[in-house]
Each structure stands twice: as structure tokens, then as C-alpha cells.
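Hydrogens, waters and symmetry mates are skipped; everything else that's a heavy atom, side chains included, is used.
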Amino acid sequence: MRIRFGPFTLDVDSRQLTRDDRDVRLTPKAFDLLAALAAVRPKVLSKRLLQERLWPDTFVAEANLSNLIAEVREALGDRTRDHVFVRTAYGVGYAFCADATVVSESSPPPDLPLCWLEWGSRRFPLSAGAHVIGRDADVEVRVDASTVSRRHARLVVTVGGTALEDLGSKNGTFHGDARVISPVQLADRDAIGIGSLLMTFHVQGPFGTTDTHAGAAG
């Protein structure tokens, strides 16, 4: 996935940030932070959630996150008081606030499912029915990561929409910043946390829209 904003292009798959086709250097953690914020723009991600995803199973001081935010802003030239790209939601967290567009490499195939999950460069199509997310070899959405339980969460897709529920996971399932305690209905481009992993839910056709402009979220 490539996201274009201002003079910048963020290529999540190749882990590159460019400005007018010239590389902009970011440390790996700073790149992960920018990618996480841009993926769910313009929603706010809490400091707690960002810390858990950037440093899973590790306690770090809040200053570490502040330093990464400063690094991202420096790389983007976002030095003004009213930040253009990454804003602070005081007392809560941070959000990507610039207008952005996903750059399509090609037209989607005509048989694209009505909904799917995206995790980095991977896409998991979701047809009608139940889809378990976890580390087990026989689950429908398999993600092999240490913070993911064997059978972590479940998505139930029906003609009326898609519901997300936790299956008693150790590290939790999140809908945005909120921990999933009971089944919740998903909307297009909702952020889903599976342990420390950040996924994005997408729908199209009668379930929602495929409009990729930043203003469509929220």
C-alpha cells in the first residue's frame, strides 16, 4: 500500500518514505509509527495503544513515544505549532491529520470480496460466514506473531454487516482504542488490534464504500 500526502509518498510494503521521489530517512520504529497513524487517518490512536504496538511486551517510558513523534515531524518538516501532518490529541494520543490518498497500483479484480482485512502487505478476503483470526494452522486468518493467541478473535460476515468478537485472547482484541468485550459491528476502514498487530477492515459495494480519500474516514 502506498499513501500520498503533500510532497510525500509512504510505501508501507517497501518501507520507504519519499519526498519528490527522494528518500527520507526514518528509523524502523518511527516508520512503524507513521504507518500506523496513516493507516487509520484521521482517527486518534492513544499513547497506550501505540506503546503496546511499537514495544510489545516491553515497558517503555512515555518519552520514547514523544521522541518518535518528534522524529517523524522532523522528517516531514512539520515544525509549526499547528502541525500539518501529525497532530497531538492532548491527554489522549496522536493522529495523522493531512489529506491523503491511497495510490492504486492496479484496478481491483472483479471478484473482490465485499470485505477484507489488511495487515501490512497482506490481504485476507472475507466471504459470508465466520472467520477465526489466530496462530493455529487451520484458522481462516492466520497471523504468526507472539502476541496473537492460537484462536484469538472471530469475524462474522453476514448480509447485514460484519461483527468482531474476542475469543478469550491473552493480549486482547481492540476496535480502535477500545478493548472488545462483546461483539462489535465494524465499518469501512476501522482499525482492529489483534494483540500488538494493527489491521484495517475494508468493505465495498452494498456494505460500504471503497473511497480512499482521508476525509471518508471517521
Side-chain angles (χ1 to χ4, degrees), residues 1 3 12 29 32-60 62 64-66 68-69 86-97 100 115-120 122-124 126 130-135 139-141 143 145-158 160-203 207-209 211-212 214-218:
M1 179 174 67
I3 302 173
V12 177
K29 291 290 186 187
D32 291 341
L33 172 59
L34 177 58
L37 293 174
V40 298
R41 64 195 186 281
K43 296 181 179 179
V44 174
L45 291 181
S46 70
K47 294 178 182 179
R48 175 190 59 78
L49 183 60
L50 287 169
Q51 287 174 324
E52 288 178 355
R53 291 177 181 175
L54 292 169
W55 296 279
D57 304 319
T58 304
F59 174 79
V60 296
E62 189 173 311
N64 290 49
L65 180 58
S66 298
L68 282 186
I69 290 290
V86 178
R87 74 176 180 89
T88 301
Y90 292 99
V92 181
Y94 301 95
F96 188 93
C97 56
C115 56
W116 65 94
L117 281 180
E118 282 188 355
W119 173 45
R122 297 180 64 184
R123 174 177 285 188
F124 302 91
L126 304 170
H131 304 265
V132 175
I133 306 170
R135 289 189 292 110
V139 301
E140 291 78 8
V141 181
V143 285
S146 60
T147 60
V148 177
S149 299
R150 294 170 65 86
R151 297 177 69 83
H152 194 107
R154 178 167 53 205
L155 289 165
V156 180
V157 181
T158 68
T162 300
L164 170 68
E165 57 183 314
D166 184 74
L167 297 178
S169 64
K170 177 182 177 182
N171 294 307
T173 301
F174 298 87
H175 178 223
D177 290 341
R179 187 158 187 159
V180 174
I181 306 301
S182 58
V184 295
Q185 290 293 315
L186 298 179
D188 184 45
R189 288 169 53 179
D190 273 1
I192 297 173
I194 304 296
S196 64
L197 303 185
L198 178 65
M199 296 182 170
T200 307
F201 176 76
H202 293 275
V203 295
F207 289 88
T209 176
D211 184 3
T212 56

Worksheet item: Quick check: does any side chain N or O of E140 sit under 3.5 Å from a backbone N or O of V132, one acting as donor and the other as acceptor?
Response: yes
Worksheet entry | Taking every non-hydrogen atom, the tightest pair across I3 and R41 | CD1-NH1, 3.9 Å
Discussion item. Side chain to side chain contact (heavy atoms under 4.5 Å, CB included), that's the test. Do R87 and V44 meet it? Break it down for me.
Written reply: CA-CA 9 Å; R87 74 176 180 89; V44 174; 3.4 Å; yes
Item to complete: Starting from the C-alpha separation in whole Å, work towards a yes-or-no answer on side chain to side chain contact (heavy atoms under 4.5 Å, CB included) for L164 and F201.
Response: CA-CA 10 Å; L164 170 68; F201 176 76; over 6 Å; no
Worksheet item: Got a sec, which residues hit side-chain hydrogen bond (donor to acceptor under 3.5 Å, both in side chains) with E165, two or more places apart in sequence or on another chain?
Response: R154
Can you list, pair by pair, the side-chain donor-acceptor contacts under 3.5 Å of residues 172-179, counting residues two or more places apart and other chains?
{"from": "T173", "atom 1": "OG1", "to": "H152", "atom 2": "NE2", "distance (Å)": "3.4"}
{"from": "T173", "atom 1": "OG1", "to": "D166", "atom 2": "OD1", "distance (Å)": "2.6"}
{"from": "H175", "atom 1": "NE2", "to": "D190", "atom 2": "OD2", "distance (Å)": "2.7"}
{"from": "D177", "atom 1": "OD1", "to": "S46", "atom 2": "N", "distance (Å)": "3.4"}
{"from": "D177", "atom 1": "OD2", "to": "S46", "atom 2": "N", "distance (Å)": "3.1"}

Worksheet item: Which pair of heavy atoms, one from V139 and one from R150, lies closest together, and at what distance?
Response: CG1-O, 4.0 Å
Worksheet item: Checking side chain to side chain contact (heavy atoms under 4.5 Å, CB included) for the pair I192/V180: CA distance, chi angles, key distance, verdict?
Response: CA-CA 10 Å; I192 297 173; V180 174; over 6 Å; no
Worksheet item: Are any of the side-chain heavy atoms of E118 and M199 separated by less than 4.5 Å?
Response: no
Worksheet item: Can you find a pair of side-chain heavy atoms, one from D32 and one from L68, that are under 4.5 Å apart?
Response: no
Discussion item. Counting C-beta onward and ignoring hydrogens, is there a side-chain heavy-atom pair between F124 and V143 closer than 4.5 Å?
Written reply: yes
Discussion item. To the nearest 0.5 Å, what is the distance between CZ on R48 and CZ on R53?
Written reply: 8.5 Å
Fill in: Euclidean distance, L49 CG relative to L198 CG, rounded to 0.5 Å
7.5 Å
Worksheet, complete the sentence: Heavy-atom nearest pair, C115 first then V203, reads CB-CG1, 3.6 Å
Worksheet, complete the sentence: CZ (R123) and NE2 (H202) are apart, to the nearest 0.5 Å, by 7.0 Å
Worksheet entry | Closest non-hydrogen atom pair, T147 against S196 | OG1-OG, 2.8 Å
Item to complete: Return the minimal non-hydrogen interatomic distance between I69 and L33, and the atom names on each side.
Response: CD1-CD2, 3.6 Å
Worksheet item: What pair of heavy atoms forms the shortest contact from A35 to V12, and how long is it?
Response: CB-CG2, 4.5 Å
Practice prompt. Go through the steps to decide whether L186 and L155 satisfy the test side chain to side chain contact (heavy atoms under 4.5 Å, CB included), and finish with yes or no.
Written response: CA-CA 9 Å; L186 298 179; L155 289 165; 3.5 Å; yes
